2 protein chains.
Amino acid sequence: MGIDLAVSTVIFAIRPASDPAERGILSIPLVRRTREPFAGRWSLPGGAADEAEGLADTAARKLYETTQLAPAYLEQLYAFGDTDRSWSGRVVSVVYWALVRAELAEQAAEGENVRWFPADELPELAFDHNRIVEYALWRLRNKLEYSRIAQAFLGETFTLTQLRHVHEIVRQVSLDPANFRRQIESSPAVVATDEVVSGGRHRPPRLYRYDTTVQLADNGPLG
Amino acid sequence: MGIDLAVSTVIFAIRPASDPAERGILSIPLVRRTREPFAGRWSLPGGAADEAEGLADTAARKLYETTQLAPAYLEQLYAFGDTDRSWSGRVVSVVYWALVRAELAEQAAEGENVRWFPADELPELAFDHNRIVEYALWRLRNKLEYSRIAQAFLGETFTLTQLRHVHEIVRQVSLDPANFRRQIESSPAVVATDEVVSGGRHRPPRLYRYDTTVQLADNGPLG
DNA sequence: TCAGTAAGAGTCACAATGACTAGAACAGAG
DNA sequence: CTCTGTTCTAGTCATTGTGACTCTTACTGA
């Protein structure tokens, strides 16, 4: 009876690769379902919407409860409401997507029921979650090109090479370092600090920092 | 108890202006509320989600029932779910936005409870509908620049001047006719027919047609 | 026949971008 | 200490897309 309203989140982070030649792998944490339908299958973290809480707040809370992660960026993805997307009654899912810093994601505990998967090598998930992740991936890759959200994968300060690696890993391309530098430095939202990273094996790169008065993405009137 | 799920739609069409110097006005049909809360106020057409129907289907149906319009383009805008957006219990609204052909919108019946308003001269609406329309407008103006949805305001065939007027009216800019032509003709999705519009006061312009195998907008995996 | 207006083709300068070159600055091997 | 390999960083060059602008063509109505 009635329509159930759920809130789920597709969480992205860049995790270290087993092969050290790769710079990292775009990954997604999934939770194993303990109940029918789809018991045993992996699925997106989430749950029923809370009556006393905004949708984004519910997304952030569920996200934290299941993975202990705090997102650096959170945005609504889509409301999935096809009639046949669940086996047990009608469910409308308001899905969010989130970006988590690599540093945090590394510490994150994995367990029997929570595990990280490479974003484009997912198993068969519960419900229509494969399709949802596919759409989230598309949005992430698009938005990376015309906004500043790449920063959300990194920390307060970062080198241009780190920022370039984020783009290369997520968008699965290889970018010319010199051209990438030119483009980033043309934006006033990125400021060079006078610090450098010492201790590396090569010429010490300069640290950059995002102007915190500039928001990561322009979502119009929604802020 | 429980969260009510509603579906509403922001409908756009270009309607003739009273001043013949203007080419048209971007307009939105609104319906007058007959019940509390906000009885007498104008609001977006919509209603409760139907358990047996997809969200987009509900949006299109409600849209047709209240305005007798069939949209040429329909896309989900956002799920609004703040806790304080309704006076009567918690309501989550999945909002769509739609484009209707000018030809259809002209025929559309206005009545005591349905009326068209210029998109940026709206009265104070019920609930948070002013904010919703503002966001829909922002999305429309953005999307017009990087997709082919402008065509949805027109008919099967159209002149380049008509298409340019759509851009000028919606984006509130004035565009150079020659540059606009160059840009449109560089896209393979627009094909020139060998027909022309005769009977005008000036040199008869050629009719163009959109390649129907190309979709109006690229919404990724959602199609 | 002329004036006014829009269609349609073309030119020019400038900005953004991809491909590429080259010097500077480091660590570690010899 | 010197050499080598790598990366950081600053440049050049050619191509492309775009805004501003000019000019000719084709029509109607005065």
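Just the heavy atoms: all of them, side chains too, but no hydrogens, waters or symmetry mates, feed the values below. As the structure is a computational prediction, the values presented were derived from the model and not from experiment. The chains referred to below are lettered A, B, ... by the order of the sequence lines, with proteins before strands, and numbering in each begins at 1.
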Asker: Taking A:R23 for its side chain and A:I169 for its backbone only, find out whether a donor-acceptor pair lies under 3.5 Å.
Answerer: no

Asker: Under a 3.5 Å distance rule, please check whether A:R171 uses its side chain to pair with a backbone N or O of A:R141 as donor and acceptor.
Answerer: no

Asker: How do B:Y208 and B:H202 order along DNA chain C: which one's closest nucleotide is nearer the 5' end?
Answerer: B:H202

Asker: Measure the shortest side-chain to side-chain distance between B:Y210 and B:V190 over non-hydrogen atoms and say whether it is less than 4.5 angstrom.
Answerer: yes

Asker: Select base, sugar-phosphate, or nothing to describe what B:R206 touches, counting heavy atoms under 4.0 Å on all strands.
Answerer: sugar-phosphate

Asker: May I have the step-by-step check of side chain to side chain donor-acceptor pair (under 3.5 Å) for A:R131 and A:Y135, ending in yes or no?
Answerer: CA-CA 6 Å; A:R131 182 167 160 254; A:Y135 182 47; over 6 Å; no

Asker: Base, sugar-phosphate, or nothing: which does B:T161 touch, judged by heavy atoms less than 4.0 Å apart?
Answerer: sugar-phosphate

Asker: Heavy-atom nearest nucleotide on DNA chain D for B:R201 versus A:P177: which residue maps closer to 5'?
Answerer: A:P177

Asker: Could you give the start and end, 5' to 3', of the contact zone on DNA chain C for chain A, using atoms under 4.0 Å from its heavy atoms?
Answerer: C:dT17 to C:dA27

Asker: Classify the side chain of A:R181 and the base of D:dT9 as holding, or not holding, a donor-acceptor pair under 3.5 Å.
Answerer: no

Asker: So, does B:T9 use its side chain to make a donor-acceptor pair with the main chain of B:I11 at under 3.5 Å?
Answerer: no

Asker: With axes from five pairs an end, tell me the bend angle of the helix from C:dT1-D:dA30 to C:dG30-D:dC1, nearest 10°.
Answerer: 10°

Asker: Between A:S174 and A:E168, do the side chains contain a donor N or O and an acceptor N or O under 3.5 Å apart?
Answerer: no

Asker: Does D:dC8 have OP1 or OP2 under 4.0 Å away from a side-chain N or O of A:T159?
Answerer: no

Asker: Which donor-acceptor pairs under 3.5 Å do the side chains of residues 177-184 of chain B make with protein atoms, sequence neighbours left out?
Answerer:
| unit_1 | atom_1 | unit_2 | atom_2 | d |
| --- | --- | --- | --- | --- |
| B:N179 | OD1 | B:R182 | NH2 | 3.2 |
| B:R181 | NH1 | B:Y208 | OH | 3.4 |

